[in-house]
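Convention: sequence-line order gives letters A, B, ...; per-chain numbering from 1.
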Number of protein chains: 2
Amino acid sequence: MNNNSIFIEKLRSSGLRPTKQRIEICKLLFDRKKTFHFTINDLFKTLKKMSSKKISLATIYNTIHSFKKKGYLKEISVNKDKSYFDTNTSDHHHFLDINTNELIDLKKEHVDKVTIKKNLPGKKINSIEVLVKIENSN
Amino acid sequence: MNNNSIFIEKLRSSGLRPTKQRIEICKLLFDRKKTFHFTINDLFKTLKKMSSKKISLATIYNTIHSFKKKGYLKEISVNKDKSYFDTNTSDHHHFLDINTNELIDLKKEHVDKVTIKKNLPGKKINSIEVLVKIENSN
DNA sequence: ACACTACTTTAGAATCATTATAAACTAATC
DNA sequence: GATTAGTTTATAATGATTCTAAAGTAGTGT
Ligand SMILES: [Mn+2]
Ligand SMILES: [Mn+2]
Ligand SMILES: [Zn+2]
Ligand SMILES: [Zn+2]
């Protein structure tokens, strides 16, 4: 009930009302040391286990979309049948394990800065991200 | 009717029967100077216009999936509501225009070789691809 | 040419993730 | 406490993809 106030403030200052559903989701997503990746379905199942009162699937979609719009989450598309959300909203690179579908952050120091030697007229670069697919060796 | 024989051979040698539907799709996809990106829906609409006899949507899905499995196409996921197929099956990088959703190949010389300075035990790298999101400047 | 078989195409049904709807609920403000 | 706008929810609708199973066709052998 105490460090909830941080989330309540965060939500209020973004123009989102601090409902108990949103606070619950905030705690699950942002009350951690490390950022992580999840699917809507992961989140739904976790909430069903962890949380006492049920949060409807529609609310989860609504909340995740508002959080994304506010910039608290980013969406990572790695293949058409799996869409992840990422609590690490900075530009960063990923390993994708194609055997397990696990998505793993690559640290900055593990990939040299990627520079693009071409620009299209009237366009500017928004982000540069590398996806490294990995698989079981041998 | 003459350079069809190339496709007929290609199909036969992959263990796919050269049906008129598959040949028609081959002509549309592979009888060009430049590789390109398309969605299933693009392809369906083009076939409806260009081709005299109608090819069913199920056949288009079937064919594209077999072609992908045989390595004649690759699938590019850029966001959850748009999945592209690419007739350029080599590892390569892309611009994605987030205003138009257009996907554009980046040439090798426009991106320095990306090296990954980290490896996970028991895993090897399958591919390394860069996605550069661009948007209207100003 | 004909028959046989395995593969392929097809219309339509089924699936499933996501989005829309609209009624009940709740947070904010006065 | 009343009012209002924003939110949640169950449920329905949507739409892309996959499934089904019947009809059609290519390959092979005779
Ligand atoms: Mn895929
Ligand atoms: Mn998206
Ligand atoms: Zn990440
Ligand atoms: Zn490409």
| Partners of A:H93 by ring-ring contact (aromatic ring centres under 6.0 Å, His included), sequence neighbours excluded? | none
| query | What pair of heavy atoms forms the shortest contact from B:D91 to B:S127, and how long is it? | reply | OD2-CB, 3.3 Å
| query | Can you tell me how far P of D:dT11 sits from CD1 of A:I60, to the nearest Å? | reply | 16 Å
| Nearest-Å distance, CG (A:L16) to P (D:dA5)? | 18 Å
| message | Test of understanding: with side chain to side chain donor-acceptor pair (under 3.5 Å), list the residues that count as partners of B:N119, not counting sequence neighbours. | response | none
| Distance in angstrom units between B:K53 NZ and C:dT8 P, rounded | 20 Å
| task | Name all residues meeting the salt bridge (charged side-chain N to carboxylate O under 4.0 Å, His left out) criterion together with A:K10; count only those two or more places apart in sequence or in a different chain, and write none if there are none. | result | none
| note | Between NZ of B:K69 and C1' of D:dT18 the distance, given in whole Å, is 13 Å
| remark: In 5'-to-3' order, the base (B), backbone-only (S) or no-contact (-) status of each nucleotide in nucleotides 13-21 of chain C, using a 4.0 angstrom heavy-atom cut-off, is ----SSB--
| request: Check which hydrophobic residues are tied to A:M50 through side-chain heavy-atom contacts below 4.5 Å, counting indirect links as well, and list them. | output: none
| said: With salt bridge (charged side-chain N to carboxylate O under 4.0 Å, His left out) as the rule and sequence neighbours excluded, what pairs involving residues 121-138 of chain B come up? | reply: A:D97-B:K123, B:K74-B:E129
| note | Between B:G15 and B:K54, the residue closer to the 5' end of DNA chain C by nearest nucleotide is B:G15
| What does the inter-axis angle of the helix from C:dA1-D:dT30 to C:dC30-D:dG1 come out as, five pairs per end, nearest 10 degrees? | 30°
| By side chain to side chain donor-acceptor pair (under 3.5 Å) - contacts of B:S137 (at least two apart) | none
| message | Can you tell me which nucleotide in C:dT10, C:dT8, D:dT9 comes closest to the side chain of B:S56? | response | C:dT10
| remark: Under a side-chain separation threshold of 4.5 Å, the hydrophobic residues clustered together with A:L57 are A:F7, A:I8, A:L11, A:L16, A:I23, A:I25, A:L28, A:L29, A:F30, A:F36, A:F38, A:I40, A:L43, A:F44, A:L47, A:I55, A:I60, A:Y61, A:I64, A:F67, A:Y72, A:L73, A:F85
Using atom names, set out every protein N or O paired with an N or O of nucleotides 27-30 of chain D below 3.5 Å, distance rounded to 0.1 Å.
| unit_1 | atom_1 | unit_2 | atom_2 | d |
| --- | --- | --- | --- | --- |
| D:dG27 | OP1 | B:R12 | NE | 2.8 |
| D:dG27 | OP1 | B:R12 | NH2 | 3.2 |

| field | Value in whole Å for how far the P atom of D:dG24 lies from CD1 of B:I55 | value | 18 Å
| Near B:K117 NZ, under 6.0 Å, is it more than 12 heavy atoms from other residues, nucleotides or ligands? | yes
| message | Just to verify, what does A:S52 make a side chain to side chain donor-acceptor pair (under 3.5 Å) with, not counting sequence neighbours? | response | none
| query | Is B:T59 touching bases, backbone alone, or none of the nucleic acid, heavy atoms closer than 4.0 Å? | reply | base
| message | For C:dT26 and A:Q21 - does any side-chain N or O of the residue sit under 4.0 Å from the phosphate oxygens OP1/OP2? | response | no
| request: Check side chain to side chain donor-acceptor pair (under 3.5 Å) between B:N41 and all other residues, then give those that pass, not counting sequence neighbours. | output: none
